[in-house]
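So the structure is just underneath, and the comments pick up after that.
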Amino acid sequence: MTIKQRDFLHSMWDFFCSLKLTMFLLISLAVISIIGTIIPQGPPPPEYLVTISQTKQQLYQALGFFDMYHSWWFVLLLYLLTVNLVACSIKRLPHIWKIISQPALVLSSGLEQSLANKASFKCSDRPDVLKEKLTTFLSSEFARPVVTEADGDWHLFAQKTPWCRLSVYFVHLSVIVIFIGAMIGSLFGYKGFVNILEGQSISKVMTRSGKEIDLGFSLRCDQFSVALYKNGAPKEFKSILTVLENGVPVPDYTNARVIVNDPLTYKGITFYQSSYGNAGSYFFTVSGLDGKDSIPVTLDTNTSATLPDGSTMSVVEATDDVSQFIPNLSGPAAQVEIRGPQGGSEKVVVYANYPEMNIQHAREHKGALVLQYKGAQKQMYTGLQVAKDPGVWIVWLGCALMVLGIYGAFLMSHRRIWIRIQNGHVTIGGNASKNQAAFEHYFGGLASKLKKQLTGEEQL
Amino acid sequence: MTSSLLFNVNTIAYLISMLLFFAFMASRAKALGTAGIAVAYFGLLAQTGAIALRWKESYDMGVGHAPLSNLYESVVFFSWTIVLIFALLDLKYKYRVIGAFVMPFALLGMTWAQLGMNSGIEPLVPALQSNWLLYHVITCFLGYAAFAVACGISIMYLIKANHDESGQKAGESSIMSMFPPIRVLDDLNYRAIMIGFPLLTLGIITGAAWANYAWGTYWSWDPKETWSLIVWFVYAAFLHARFTRGWVGKRAAWLSIIGFAATIFCYLGVNLFLSGLHSYGGGGKM
Ligand code: HEM
């Protein structure tokens, strides 16, 4: 390696270890993430596209703004964050590890100067007696000390929760664990969707990316129902589902209830209540103005039928009781849309109980055909979201690690106390990695208690 | 006694408390500060009672649920958590004057809720029928409240720092001498965020857990989720600012203020300006 190369590697390393980079990355991520909360993500809906210009649309497409959290530049930032995190940890961990594993056992004068909390007083006891007293004192008041002899003086060292200095690294590690979990989920899992008609079963679902996945078992929808509160607001959406293996119901998964916030999981695949609809049929007849040549027409929600005069017809809405819309009428009615063969469309209400109104309508509109509504047969379907995510447990593990790590990082403190016995003087010093004010208070109390025990004097 | 009457008492108490704190700041009469905090405690107590009463009233109506289910209830709860966090800080550090910068947030929330919102108790829509709602909302709002307190402290920091820089000695100006030294304000800001950050983290995690439980995805980059992550990034930056020379003092105070602005946007702006899955303030899926 040439010197130049080494310099380059060195500066790269410094770059990735720098906390300035951390600040830059965290703030950049915060700012950039805003884009995706303003521009809708996923295939852009046509209503949105008409609000922006063609150029803007192409620009957004090219920059990946319609799926920005998966765009290369966003993912790059996340990778940089990870590298930064790992580099920082590699650089600092050895130092922290040394503080934990090889603590300074001797209170040298250099160390003494660096400590914010210290106290010193005269004591006439013999050093070895003092040593025993101090050991007992520290053990009962703080933690068992390590006793060392250096240059004829006795040194005691005691500490509490040294390992909490590692908490920050657990927080950082947790970020990486969560990333790994998310990656496993996106590689080996899928999110999908399926509609099941009441009484029918499915064995395949469609993923969001449009791939068909074979479940390896079947799922039947026995029933779907909606319950309402008195004020008409929805109270419960409920599907009754049965899992079938080779057509045979699985005992614990028969007539299982699935509602919003209470899904069904079978073989690692979870089904969530997500939507519903009516896939029932609507029945009509079409005839001439004189009522002759009547033919039946059957429609469902999503299909249209071609009528004898070449126009097409589809159902917009239907009701069992029209009185809630038109107070002096009653019985079933359907609103249908008729598209003329030359284009143009109109919406017409067709009644079941009032054939004469249907005829009159046809006359008024110079039509040659009369529609009659014969009622509907309801068939509900349930819309289920389907998810398989083998990485989710790793994500929760990461989250748990993060919470514990943050607890340790913020609420725990590595506290150390040193005592030196030298020339009839007892010197005590201490420091803490967190919450200096509280430690100062604690240290003051500890030192005066010690002095009182050894010398009987109150004040330091 | 009804909860809505008690909420009015509590709102007026916050108003009086804020005015007392202002008077305390202007006059430096210690008694006013004590009165300010006493009235704030009284208001907190009244609000606690009112929230509990509203909870009970919902059961009496047959639609029993924790009062955390719509914008009105969440604003009330937010206001409650702000005063709670302030009270905890006061018990520990006794810098009364902070009240003049924190009580306005609580008062603003209560006034808006009482005067501008429909306070009727409504039944819980299916999407919110989960215990996760409780864990998620409580942790999030306690976090938000800690950030509100940190924001108030940061504003004090900037005022004080600018004042110190402009060369006047402390003590010359009566109001400034009431403020804690900037070193203390900086430390309090950090402490408030040390309370808020873990709570926000828990809030995001419980939200993710709930989303996973209810929809099968712990993270779907919905605007509310994304904004909570933005807030989290800002405060993570704040925490790291301690270790980076050049990013302390005023810049840290600004980060804390920006963080709270992002918090408020996450809480209200997302519902008002952006669409998504979260159902406070209308919209939402099943
Ligand atoms: C770009 C990635 C990151 C890098 C390089 C980084 C680096 C660091 C470093 C070097 C420290 C100081 C450790 C010490 O005391 O020796 C630290 C502290 C900390 N970091 Fe990070 N960090 C990163 C991301 C994060 C994230 C995403 C979080 C979110 C939870 C986080 C949370 C913390 C916490 C809580 C502390 C302790 C702060 C304190 O004690 O006040 N870090 N980080």
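By convention in this document, chain letters (A, B, ...) are assigned in the order of the sequence lines, proteins followed by strands, and residues within each chain are numbered from 1.
Contact count versus chain A (heavy atoms, under 4.5 Å) is highest, among Val234(B), Leu229(B), Thr217(B), for Thr217(B). Ranking Pro234(A), Ala30(A), Ala387(A), Gly185(A) against chain B, the residue ahead of the rest is Ala30(A), based on heavy-atom pairs under 4.5 Å. Here Asn435(A) is the residue among Ile32(A), Thr270(A), Asn435(A) with the most heavy-atom pairs under 4.5 Å with chain B. With respect to chain B, the highest number of heavy-atom pairs below 4.5 Å among Ile27(A), Leu29(A), Asp262(A) belongs to Leu29(A). Ranked by heavy-atom pairs shorter than 4.5 Å toward chain B, the options Val31(A), Leu411(A), Thr265(A), Val392(A) are led by Val392(A).
A heavy-atom distance below 4.5 Å is found between the side chains of Tyr69(A) and Thr226(B). Residues Thr37(A) and Val270(B) form no side-chain contact, since every pair of their non-hydrogen atoms from C-beta on lies 4.5 Å or further apart. Counting heavy atoms from C-beta on, the side chains of Trp215(B) and Ser274(A) never come closer than 4.5 Å. Looking at Leu255(B) and Met23(A), their side chains come closer than 4.5 Å, going by heavy atoms from C-beta outward. Counting heavy atoms from C-beta on, the side chains of Leu26(A) and Phe238(B) never come closer than 4.5 Å.
In terms of heavy atoms, Tyr213(B) sits closest to Pro263(A) at O-CG, 3.2 Å.
Surrounding CH2 of Trp73(A) are more than 12 heavy atoms belonging to other residues, nucleotides or ligands, all under 6.0 Å away. A 6.0 Å sphere centred on CZ of Phe170(A) holds no more than 12 heavy atoms belonging to other residues, nucleotides or ligands. Annotation for Phe24(A): atom CZ does not count as buried by contact number, only 12 or fewer foreign heavy atoms lying within 6.0 Å. Annotation: Lys235(A), atom NZ; neighbour count of heavy atoms from other residues, nucleotides and ligands within 6.0 Å does not exceed 12. Other residues, nucleotides and ligands place more than 12 heavy atoms under 6.0 Å from the NZ atom of Lys94(B). Within a 6.0 Å radius of CZ in Phe179(A), other residues, nucleotides and ligands contribute more than 12 heavy atoms. Counting non-hydrogen atoms of neighbouring residues, nucleotides and ligands closer than 6.0 angstrom, the OH atom of Tyr93(B) exceeds 12 such neighbours.
Using a 4.5 Å cut-off between heavy atoms, Ala227(A) does not touch chain B at all. Looking at Ala209(B), both its backbone and its side chain come within 4.5 Å of chain A, counting heavy atoms on both sides. Proximity to chain A (any heavy atom under 4.5 Å) is shown, for Ile258(B), by neither the backbone nor the side chain. Interface remark: Lys191(A) contributes side-chain atoms only to the contact with chain B (heavy atom separation under 4.5 Å). Proximity to chain B (any heavy atom under 4.5 Å) is restricted, for Glu236(A), to the backbone atoms N, CA, C and O. Residue contact with chain A, scored on non-hydrogen atoms closer than 4.5 Å, involves the backbone and the side chain of Ser130(B) alike. Contact of Asp187(B) with chain A is not made at all, since no heavy-atom distance falls under 4.5 Å.
Residue Cys399(A) is tested with Leu202(B), Ile205(B), Thr201(B) for a side-chain contact (heavy atoms from CB on, under 4.5 Å); the sole match is Ile205(B).
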Q.
For a side chain to side chain contact (heavy atoms under 4.5 Å, CB included) check, start with the C-alpha distance between Ile193(B) and Phe410(A), then their side-chain angles and the critical distance, and finish with the verdict.
A. CA-CA 10 Å; Ile193(B) 289 173; Phe410(A) 288 162; over 6 Å; no
(Q) Pair Val395(A), Trp219(B) - check side chain to side chain contact (heavy atoms under 4.5 Å, CB included), show working. (A) CA-CA 11 Å; Val395(A) 171; Trp219(B) 198 261; over 6 Å; no
Q: Please assess Trp210(B) against Asn261(A) for the test side chain to side chain donor-acceptor pair (under 3.5 Å), listing each intermediate value before the final yes or no.
A: CA-CA 8 Å; Trp210(B) 185 12; Asn261(A) 273 312; 2.7 Å; yes
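The CH2 atom of Trp396(A) lies 5.0 Å from the CG atom of Asn212(B); values are rounded to the nearest 0.5 Å. Taken to the nearest 0.5 Å, the CD1 atom of Ile34(A) stands 8.0 Å off from the CZ atom of Phe265(B). Distance check, rounded to the nearest 0.5 Å: OG of Ser33(A) to CH2 of Trp227(B) gives 9.0 Å.
Within the 6.0 Å centre-distance limit, the rings of Trp221(B) and Phe74(A) are counted as a close aromatic pair.
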